[in-house]
Amino acid sequence: MAATELIDQLERDRVFFEESGGGVTLSGGEPLSQPGFLDALLAGCKERGLHTALDTCGHAPPHRARPLLRCADLVLFDVKLLSSRELLRHCGVTNRHIALNLQQVMEGPSRLWLRFPLIPGYTDAAGNIELLLKLVEAHAPAIERVSLLPFHPTAAHKYRRLNMANVMRDMPRMSEAGVSELARRLRAVHPDVRIGG
């Protein structure tokens, strides 16, 4: 489907966007992995006055990502592991591009919601939490909202239906007390911290 075809379809939902205050959210996978299509889609939405949100982990070449990150009205930027060593160990990439792209978003003009998935045994490590707190404190004015996203097993049924191995099957949920404590610590350095999307 061409971007113009998709924009025509999205235009049909304008009344819902206007009533809800919402708009078009571009997510994935990773939308930055399709820069040409994403550029055309964002530009077309902007021409028609449709609000856009871009949901990304920021892993893309910065020269390609910059115009896309600056074109979206709102960027939902997921940060998971803030140490390049840990990200490389668990995800196979470093934070080099991610950090540069996050910096580009923080320089504006797009609004920024920083999202932090809480995955027990991975992102909830004390060192990672300390790096998150430092990041938020250092850049609080550029971050409109911080969202904590506690792990939940709701995708388990999809793995079963697709007959795929679910490596997260036995992953425990983070305790409510642990999530609340992290939210409290973040609120000491940022005024808008929420639990959930």
- Query: Which ring pair (Phe, Tyr, Trp, His ring centres under 6.0 Å) pairs, counting each pair once, include a residue from residues 139-169, with sequence neighbours left out?
  - Reply: none
- Once you round to the nearest 0.5 Å, how far does CG of Leu112 lie from CD of Glu144? 8.5 Å
- Item | In one Ile/Leu/Val/Met/Phe/Trp/Tyr side-chain cluster, 4.5 Å: Leu81, Val93 | yes
- Query: In the hydrophobic cluster built from side-chain contacts under 4.5 Å, what are the other members alongside Phe16?
  - Reply: Val15
- How would you list, by chain and number, every residue that makes a side chain to side chain contact (heavy atoms under 4.5 Å, CB included) with Ser175, sequence neighbours excluded? Ala177
- Item | Shared hydrophobic cluster, Ile119 / Leu114 (ILVMFWY, side-chain heavy atoms < 4.5 Å) | no
- Query: Who else is in the cluster with Leu76 when I, L, V, M, F, W and Y are joined by side-chain contacts under 4.5 Å?
  - Reply: Leu74, Trp113
- Item | Verdict with supporting geometry, Val136 and Val193, side chain to side chain contact (heavy atoms under 4.5 Å, CB included) | CA-CA 10 Å; Val136 171; Val193 176; over 6 Å; no
- Query: Around atom CD of Glu5, are there more than 12 heavy atoms of other residues, nucleotides or ligands at under 6.0 Å?
  - Reply: yes
- Task: Please collect all salt bridge (Lys or Arg N to Asp or Glu O under 4.0 Å) contacts where either partner lies in residues 188-197, sequence neighbours excluded, each pair once.
- Result: Arg145-Asp192, Asp192-Arg194
- Rounded distance (nearest 0.5 Å) linking atom CZ of Arg66 with atom SG of Cys71: 13.0 Å
- Considering residues, nucleotides and ligands other than Met1, do more than 12 of their heavy atoms fall under 6.0 Å from its CE? yes
- Query: Does the pair Glu137 and Arg185 meet the rule for a salt bridge (charged side-chain N to carboxylate O under 4.0 Å, His left out), with working shown?
  - Reply: CA-CA 11 Å; Glu137 183 174 24; Arg185 292 178 70 194; over 6 Å; no
Distance-only check: which donor-acceptor pairs under 3.5 Å involve side-chain atoms of residues 100-110, not counting sequence neighbours?
from: Asn101; atom 1: OD1; to: Gln104; atom 2: NE2; distance (Å): 3.2
from: Asn101; atom 1: ND2; to: Gly58; atom 2: O; distance (Å): 2.7
from: Asn101; atom 1: ND2; to: Ala60; atom 2: O; distance (Å): 2.9
from: Asn101; atom 1: ND2; to: His97; atom 2: O; distance (Å): 3.2
from: Gln103; atom 1: NE2; to: Glu107; atom 2: OE2; distance (Å): 3.4
from: Ser110; atom 1: OG; to: Leu69; atom 2: O; distance (Å): 2.6
from: Ser110; atom 1: OG; to: Ala72; atom 2: O; distance (Å): 2.5

- CD of Glu30 to CG of Leu38, rounded to nearest 0.5 Å, is 9.0 Å
- Are Ile195 and Leu132 joined in one hydrophobic group, where the rule is that I, L, V, M, F, W and Y side chains link up if heavy atoms are under 4.5 Å apart? yes
- Apply side chain to side chain contact (heavy atoms under 4.5 Å, CB included) to Ala140 and list each qualifying residue two or more places apart in sequence or on a separate chain. His190
- Message: Assigning hydrophobic clusters by single linkage (Ile, Leu, Val, Met, Phe, Trp, Tyr; side-chain heavy-atom cutoff under 4.5 Å), is Val189 placed with Val179?
- Response: yes
- Task: Output the distance between atom CG (Leu50) and atom CD1 (Ile7), rounded to the nearest 0.5 Å.
- Result: 8.0 Å
- Task: Calculate, to the nearest 0.5 Å, the distance between atoms CG and CG belonging to Leu148 and Leu182 respectively.
- Result: 5.0 Å
- Which atom of Pro120 lies closest to which atom of Pro172, heavy atoms considered: CG-O, 3.1 Å
- Item | Residues that Arg89 engages under side chain to side chain contact (heavy atoms under 4.5 Å, CB included), provided they are two or more places apart | Glu86
- Any idea which heavy atoms bring Asn128 and Leu82 closest together, and the distance? OD1-N, 2.9 Å
- Taking only residues two or more places apart in sequence or in another chain, which ones pass salt bridge (Lys or Arg N to Asp or Glu O under 4.0 Å) with Asp124? none
- Item | Sequence neighbours excluded - salt bridge (Lys or Arg N to Asp or Glu O under 4.0 Å) pairs with any residue from residues 35-46 | Lys46-Asp73
- Message: Once rounded to the nearest 0.5 Å, what's the spacing between atom OG1 of Thr52 and atom CG of Leu41?
- Response: 8.5 Å
- Query: Taking only residues two or more places apart in sequence, or in another chain, which ones meet Tyr122 in a ring-ring contact (aromatic ring centres under 6.0 Å, His included)?
  - Reply: His90
- Which residues share a side chain to side chain contact (heavy atoms under 4.5 Å, CB included) with Pro35, sequence neighbours left out: Arg64, Leu68
- Query: What are the two closest non-hydrogen atoms of Phe116 and Ile129, and how far apart are they?
  - Reply: CE2-CD1, 3.8 Å
- Query: Out of curiosity, does Phe77 fall in the hydrophobic cluster containing Leu26 (side-chain heavy atoms, cut-off under 4.5 Å, transitive links)?
  - Reply: yes
- N/O donor-acceptor pair under 3.5 Å between Arg48 side chain and Arg14 backbone: no
